[in-house]
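As structure tokens, the structure follows; a few thoughts come after it.
Whatever order the structure lists them in is the order used to number ligands and atoms, beginning at 1.
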Amino acid sequence: MSKKVVLITGGGRGIGREICMEFASENTHIALTYTRDARSAEQVRQTLEDSNVTCSVHKLDVQDFHMCQSVVETVEREYGTINILVNNAGVTLSKQFVNCDEAENKAVLSTNLQGVMNMTLATVPSLKKSTSNDEPGRIVNISSNTSLCGNAGQVAYSVTKAGVNGFTRLCARTLASHNIFVNAVAPGYIDTDMTQDLPESAYSHVLQVSAIKRTGCVKDVSSIVRLLCGDNCHYMTGQVLHIDGGKFC
Ligand code: NDP
């Protein structure tokens with residue numbers, strides 16, 4: 001059986017890194033991207049290659065569509081057409097909306113929402129070429145639990161993730177005829193660099209409002225991403241799965 005080609009944006013750290021590790025135990029070539037932290041991305045590549053997984057690392061700013069296209073072309077040349085795209089790259093902005101300036105909002109919107117659209121648009125031609133009847137193409141978008149109830153201290157961020165949910169549903173409808181399945185996961189509070197600087201109150205709030213009284217770990221998310229890309233997932237598309245310990249807003 002030929003190896004699947006998996007492209008993961010922001011695969012050098014946090015949730016993206018764990019998604020790389022998750023796919024490493026399958027028959028895959030992994031292409032991961034970073035934007036600033038080349039060192040962490042290189043460490044992931046080394047770890048994967050030590051386990052005999054072929055892996056390439058690409059510098060990418062998802063805000064730049066031409067860069068997205070160029071990464072896809074390079075991955076295709078290296079490994080062949082792409083089977084799975086995980087749109088994981090994202091940034092947060094934790095500030096009251098009235099205190100945010102235009103540039104800050106714009107950066108969050110163009111990374112988290114435009115970036116997902118850019119990468120999807122750039123990768124779909126490759127996904128179309130790779131699909132067959134029993135092997136659908138897959139896109140998994142990393143949304144957030146804030147897309148559902150919003151978070152008053154993260155307005156731009158919550159809006160982008162609500163946009164990702166809408167985009168996921170519409171893409172699923174558009175791409176189903178090409179045998180490409182599109183789903184999203186919406187994590188709650190996951191322990192990564194992104195949540196490290198949040199105040200103690202954010203952490204205690206999570207414990208108060210979730211059924212499972214703990215924060216999530218990267219594996220809680222990566223295992224569901226893998227499930228959504230697995231051979232048993234053949235009749236589910238356009239869905240947003242919440243991985244938030246049963247958070248009731
Ligand atoms: P991290 O901050 O640990 O990682 C973010 C990743 O995104 C990094 O690899 C970073 O690259 C990459 N990135 C940032 N900006 C860009 C850009 N413009 N172009 C390309 N890549 C970029 O965050 P997490 O692992 O926590 O977050 C991963 C995803 O999960 C995000 O979409 C986030 O919104 C979402 N999420 C996270 C939650 C959490 O509680 N942690 C909860 C809900 C959703 P580099 O390494 O080079 O800096």
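- At the shortest separation from atom 21 (N) of ligand 1 among protein heavy atoms lies Ala89 CB, 3.3 Å.
- Backbone and side-chain nitrogen or oxygen atoms of Asn145 are examined, and none is located within less than 3.5 angstrom of a nitrogen or oxygen of ligand 1.
- Across Val44, Thr35, Asp61, heavy-atom proximity to atom 18 (N) of ligand 1 is greatest for Asp61.
- Of the heavy atoms in Arg17, none comes closer than 4.0 Å to ligand 1.
- Of all protein heavy atoms, the one lying nearest to atom 46 (O) of ligand 1 is Arg13 NE, 2.9 Å.
- Side-chain N/O atoms of Ser147 and Asn165 include a donor and acceptor closer than 3.5 Å.
- Results of the salt bridge (Lys or Arg N to Asp or Glu O under 4.0 Å) test with Arg214 over Asp220, Asp191, Asp244 single out Asp220 as the only residue that passes.
- Note: Asp61 CG to Gln63 CD = 4.5 Å, rounded to the nearest 0.5 Å.
- From the protein, the heavy atom lying nearest to atom 32 (O) of ligand 1 is Asn88 O, 2.7 Å.
- Between Tyr203 and Tyr189, the angle of the ring planes goes over 60°, which puts this pair in the perpendicular group of the 30/60° scheme.
- Looking at atom 27 (O) of ligand 1, its nearest protein heavy atom turns out to be Met194 CE, 3.9 Å.
- From the protein, the heavy atom lying nearest to atom 19 (N) of ligand 1 is Val62 N, 3.0 Å.
- Both the backbone and the side chain of Ile15 come within 4.0 Å of ligand 1, judged by heavy-atom distances.
- Residue contact check: Gln63 has heavy atoms under 4.0 Å from atoms 18 (N) of ligand 1.
- Less than 4.0 angstrom separates some heavy atom of Leu60 from each of these atoms of ligand 1: 19 (N), 20 (C).
- For ligand 1, the atoms lying closer than 4.0 Å to a non-hydrogen atom of Arg36 are 45 (P), 47 (O).
- Ligand 1 lies out of reach of Thr33, whose nearest heavy atom is not under 4.0 Å from it.
- At least one heavy atom of Ile142 lies less than 4.0 angstrom from ligand 1.
- Numbered from 1 in the order shown, with element, the atoms of ligand 1 that lie under 4.0 Å from a heavy atom of Gly14 read 3 (O), 25 (O).
- Using modelled atom types, no side-chain atom of Asn88 and backbone atom of Ile8 make a donor-acceptor pair closer than 3.5 Å.
- Residue contacts with ligand 1, taken as heavy atom pairs separated by less than 4.0 Å, do not involve Val218 at all.
- Protein heavy atom nearest atom 5 (C) of ligand 1, with residue, atom name and distance: Gly90 O, 3.6 Å.
- Looking only at heavy atoms of the protein, atom 43 (C) of ligand 1 is closest to Pro187 O, 3.3 Å.
- Between the side chains of Thr92 and Gln154, at least one donor N or O sits under 3.5 Å from an acceptor N or O.
- In this structure, the side chain of Ser25 engages the main chain of Glu22 through a donor-acceptor pair within 3.5 Å.
- Summarising the geometry, atom OG belonging to Ser110 is positioned 12.5 Å from atom CE belonging to Met117; distances are rounded to the nearest 0.5 Å.
- Proximity to Thr195 (heavy-atom distance under 4.0 Å) selects the following atoms of ligand 1: 39 (C), 40 (O), 41 (N).
- Annotation: Gly10 places an N or O atom under 3.5 Å from an N or O atom of ligand 1; distance criterion only.
- At the shortest separation from atom 36 (N) of ligand 1 among protein heavy atoms lies Tyr157 OH, 3.5 Å.
- Residue Tyr189 touches ligand 1 through its backbone alone, judged by heavy-atom distances below 4.0 Å.
- Between the side chains of Lys247 and Asn145, at least one donor-acceptor pair of N or O atoms lies under 3.5 Å.
- Contacts with ligand 1 closer than 4.0 Å are made by side-chain heavy atoms of Thr111 only, the backbone lying farther away.
- Without hydrogens or angle criteria, Glu104 side chain to Asp101 main chain gives a donor-acceptor distance under 3.5 Å.
- In this structure, Lys161 has a heavy atom closer than 4.0 Å to ligand 1.
- Listed by number with element, the atoms of ligand 1 under 4.0 angstrom from any heavy atom of Tyr34 are 47 (O).
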Quiz prompt | Derivation of the side chain to side chain contact (heavy atoms under 4.5 Å, CB included) call for Arg169 and Val182 | solution = CA-CA 8 Å; Arg169 282 189 287 270; Val182 190; over 6 Å; no

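- By the 4.0 Å heavy-atom criterion, Ala41 is excluded from the residues contacting ligand 1.
- Using modelled atom types and a 3.5 Å distance limit, the side chains of Ser158 and Asn151 yield no donor-acceptor pair.
- Counting only N and O atoms by type, the side chains of Thr81 and Glu76 include no donor and acceptor under 3.5 Å apart.
- Atom CD of residue Glu18 and atom OG1 of residue Thr192 lie 12.0 Å apart, to the nearest 0.5 angstrom.
- Ser143 OG to His242 NE2: the interatomic distance, rounded to the nearest 0.5 Å, is 6.5 Å.
- Taking distance alone, with nitrogen or oxygen atoms compared against 3.5 Å, Thr192 approaches ligand 1 more closely than that limit.
- Taken from CD in Gln46 to SG in Cys55, the straight-line distance is 9.5 Å, to the nearest 0.5 Å.
- A donor atom on one side chain and an acceptor atom on the other are not found under 3.5 Å apart for His58 and Thr33.
- Residue contacts with ligand 1: Asp37 is placed with a nitrogen or oxygen under 3.5 Å of a nitrogen or oxygen of the ligand (distance criterion only).
- When only interatomic distances are considered, the shortest N/O to N/O separation between Ile190 and ligand 1 falls below 3.5 Å.
- Note: Ser94 OG to Leu198 CG = 5.0 Å, rounded to the nearest 0.5 Å.
- No N or O atom of Val91 sits closer than 3.5 Å to an N or O atom of ligand 1.
- Ligand 1 lies within reach of Ser143, whose nearest heavy atom is under 4.0 Å from it.
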